[in-house]
Every structure is written in structure tokens, then in C-alpha cells.
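For reference, the structure discussed in these notes is given below.
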Amino acid sequence: MSKRTLDTFFNPSPKKAKISLTDSKDAPSSHSTYPFTVPQLPPEISDLLNFAPEAEGKAIIDQPDLDLLYFQPYIPGSISTPLFEFLRGELFFYRVKYKIKRGPIETDINTPRFTTVFGVDETSSFLPDGSLIDATTRKPIPKDRYKTCKPRPIPHCLDLLRKLTEAATDQRYNFCLVNYYATGDDSISYHSDDERFLGVDPAIASFSLGAKRDFLLKHKPTPPSDTKSAAAIASETKPLKLPLGSGDMVLMRGSTQGKWLHSIPKRKGGESGNGRINITFRRAMVAGGTENYYRYNVGDGDVMKWDAKTKSMVVWGEKKEGDEVEKKEVKAEDVDKGYAAL
DNA sequence: GTACCTAAGCTAT
DNA sequence: AATAGCTTAGGTA
């Protein structure tokens, strides 16, 4: 005879039967374009994200054409390190390689940072099942809309941050770029995120997690002018240095991208070895933006994943013999506007 | 202040 | 956008 109790007789188990893993609210994010699934944030992190921003944003508008809002920090201090370690440990990254030609000499560039990207431009949107529809007609997109990439939906863990950031900054974002700077040798040189496909005066929210790194901004060179004072030129030339700490967020808006350059320079010692993650949210308006971001932030190289044992990014998944993957070469001419990081 | 050393910044390719 | 190689800045004794 069964040992079934009265209690279980009158309270039959509610689980097992119907609730599948993929329906569950805390199911990992998966998609045909992901090399592996990405877990959702543990509650001890996501619960506290709702208390962000921890500090009020401070406007930095005291220089010509500069419009920043600096949250120091934005992410509560109690979760910035756990969030950093979660993302470093759970996301897939790429070390993009390409060639540049300087005069007659061709040089191999090994991008000095790890990157990954999610999102799709305003002309398309993802359905819950992961398929892409046209944003206007709500019908499946034409097969040739994205010729060189397969857009990836933003995983839940990053999409939560995206939504909170939209609310806090009164802006909309459809792309999430993530960069990992493993040591002080990783960097990004001066550039602007002023691609045409972002539209005029784009707003870009940039989060820092992990090791502290200097963020340098300087005005773009201005055409010579007789009417400009030496002091005015000096103020446009002097770089501004923000010591970005874990949890900080910088919202760059208005004419900032059009008129200023920014970089994360290489650094000796100190922060080296701890690693820093940068997350940017931005809004691409046309399909060309999607092609560009995937080409230069995913590329066609190996998938990399954090290895806790060696405390480093290692190639994920072993290639078996006999299934060589064909790789396309990136042309130097296409690279100039390719990167958009910080 | 001065000499020395290293990190940071600049620029042509 | 990245780097090498050079110049300048900054710290230390």
C-alpha cells in the first residue's frame, strides 16, 4: 500500500506537470545565436538594482560642447562587485582581430579588449520566441535585411539594467555593448561614438564595473580661427580626466559625441589584474548600425569565456578535427568607424 | 632647487 | 583605431 499522507492527498504537488523550464520566470536567456545560455541575475543582485541610482547625477557642462551626467556611483556599492563577477563569468566575449594598412605596410591588430554585443536597430524588434519582425508592419523581416550578421536579443540580466537606465535617463536604447579590460594593457584609444546610424546628438549611457580606470575626454581639434582667444583654445585642448570607479555611470549626450573624443588609456600597475567591465547602452536607428556593431564587436573569431580556475578568458568549446570554419577577413577601410566602446 | 627615474601623453604611420 | 617611438610630466631623494 502507498505511504501517501492525507496532506499530499489533499494538496497534490503543484509542480512537475505543466511548468517547463523555459516558461519559468527565472529561466536562463537562450537564443539560436548564443553559443550558450546566460543565467538571469540572482535575486540578491536584481533586488538591489531597483535602488539605483545610488547617487544623484552630477552635470558636467562647464566646457564647450560638453554635456555629461556623472553618477558616482549609479550601481549600489553592495552589488557592483557581484554584478561585475556575474557578467564576467556568464557572458561570452570576443577578441576581435583585423588588419590595417599604413601606407604600404599591413599590420595585424589584436583589439586590446574583449567585446560582446546584443540588440537590434529601430527598424526591427524581437518577439518573445526570438524571431525578428519589422518594427512597423510587425511581420517577419525580409531575409536580406541583415546580410552580414545575426542580431542577438539582449539577455535578461542586461535588459533589466537597460530598462532601469531608460527610466533614469529619459532615453531609449536598443543596443548593449560590453567590453572587458582584463589588465592595464587593455585600452581603447581616442574616438567618438558619432556614427551616422546613431542619429544626431546621440545619448549613450556607460557603466563601469570592477577595477578603476581613468576616462579621458578632450575636445576635437577645431579649425584655426583668428577670433578665438588662446584661453579658449587651451580649454578645448586640455583633456578632462574622470577616475571611473566600480558602479559609476556616465551619460554622454547632446554635442558630446560630435565635438569630443574619449579614451581609456593603457595604465601601468595598480588596477592591472583586476579587470574592468564597461557596459554601454545606445540606440541605433537603421539596419546598417546593426551590421556595423556585430561586425566589429563580435567578428568571426573564437568565443571566449571566463575561466575561474586560471582567472582568464579562454577559448570556449573545442573545435573537432575536420570541421574547419571559414573565416572572412575584415578590410581595413571599413574599420575606421567600426569601434564604439569606452 | 636638481638629478634621476618611470609613467603618462603625443603623433606619425 | 592601434602602436611604436619619442617627448613631457611627475614623483622621489
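Order of the sequence lines sets the chain letters (A, B, ...), proteins ahead of strands, with each chain counted from 1.
- In this structure, A:S124 OG and A:N174 CG are separated by 10.0 Å, a value rounded to the nearest 0.5 Å.
- Listed pair A:K218 / B:dG9 fails the phosphate criterion, with no side-chain N or O lying under 4.0 Å from OP1 or OP2.
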Distances for protein N or O near nucleotides 4-6 of chain B N or O, under 3.5 Å:
none

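- Here A:F51 pairs with A:L48 under the side chain to side chain contact (heavy atoms under 4.5 Å, CB included) rule; sequence neighbours left out.
- Residues that satisfy the side chain to side chain contact (heavy atoms under 4.5 Å, CB included) test with A:P53, not counting sequence neighbours, are A:F71, A:Y74.
- Annotation: ring-ring contact (aromatic ring centres under 6.0 Å, His included) contacts of A:F36 (sequence neighbours excluded): A:F92, A:W316.
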Output one line per pair: protein atom, nucleotide atom from nucleotides 6-10 of chain C, and distance, for all N/O pairs under 3.5 Å.
none

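- Comparing the axis of the opening five pairs of the helix from B:dT2-C:dA13 to B:dT13-C:dA2 with that of the closing five pairs yields an angle of 20°, rounded to 10°.
- Between A:K99 and C:dA2, a side-chain N or O to OP1/OP2 separation shorter than 4.0 Å is absent.
- A:V120 belongs to a hydrophobic cluster with A:F126, A:L132, A:I141, A:Y146, counting contacts under 4.5 Å between side-chain heavy atoms of Ile, Leu, Val, Met, Phe, Trp and Tyr, direct or through other members.
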Only pairs under 3.5 Å count here: list side-chain donor-acceptor contacts from residues 155-165 of chain A, not counting sequence neighbours, and write none if there are none.
| residue | atom | partner | partner atom | Å |
| --- | --- | --- | --- | --- |
| A:H156 | ND1 | A:S29 | OG | 2.8 |
| A:D159 | OD1 | A:R162 | NE | 2.6 |
| A:D159 | OD1 | A:R162 | NH2 | 3.2 |
| A:D159 | OD2 | A:R162 | NH2 | 3.4 |
| A:R162 | NH1 | A:E166 | OE2 | 2.9 |
| A:R162 | NH1 | A:Y173 | O | 3.2 |
| A:T165 | OG1 | A:L161 | O | 2.6 |

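- Among residues two or more places apart in sequence or in another chain, the side chain to side chain contact (heavy atoms under 4.5 Å, CB included) test is passed with A:R95 by A:N110, A:F114, A:D186.
- By the salt bridge (charged side-chain N to carboxylate O under 4.0 Å, His left out) test, A:K305 pairs with no residue at all, sequence neighbours left out.
- Across B:dA8, C:dT3, C:dA1, the shortest atom-to-atom separation from the side chain of A:H191 is found for C:dA1.
- Legend: salt bridge (Lys or Arg N to Asp or Glu O under 4.0 Å) pairs involving residues 67-86 of chain A, not counting sequence neighbours, sorted by first then second residue: A:D67-A:R253.
- A search for side chain to side chain contact (heavy atoms under 4.5 Å, CB included) contacts involving A:D214 returns A:L216, A:K241, A:P243, A:R267, not counting sequence neighbours.
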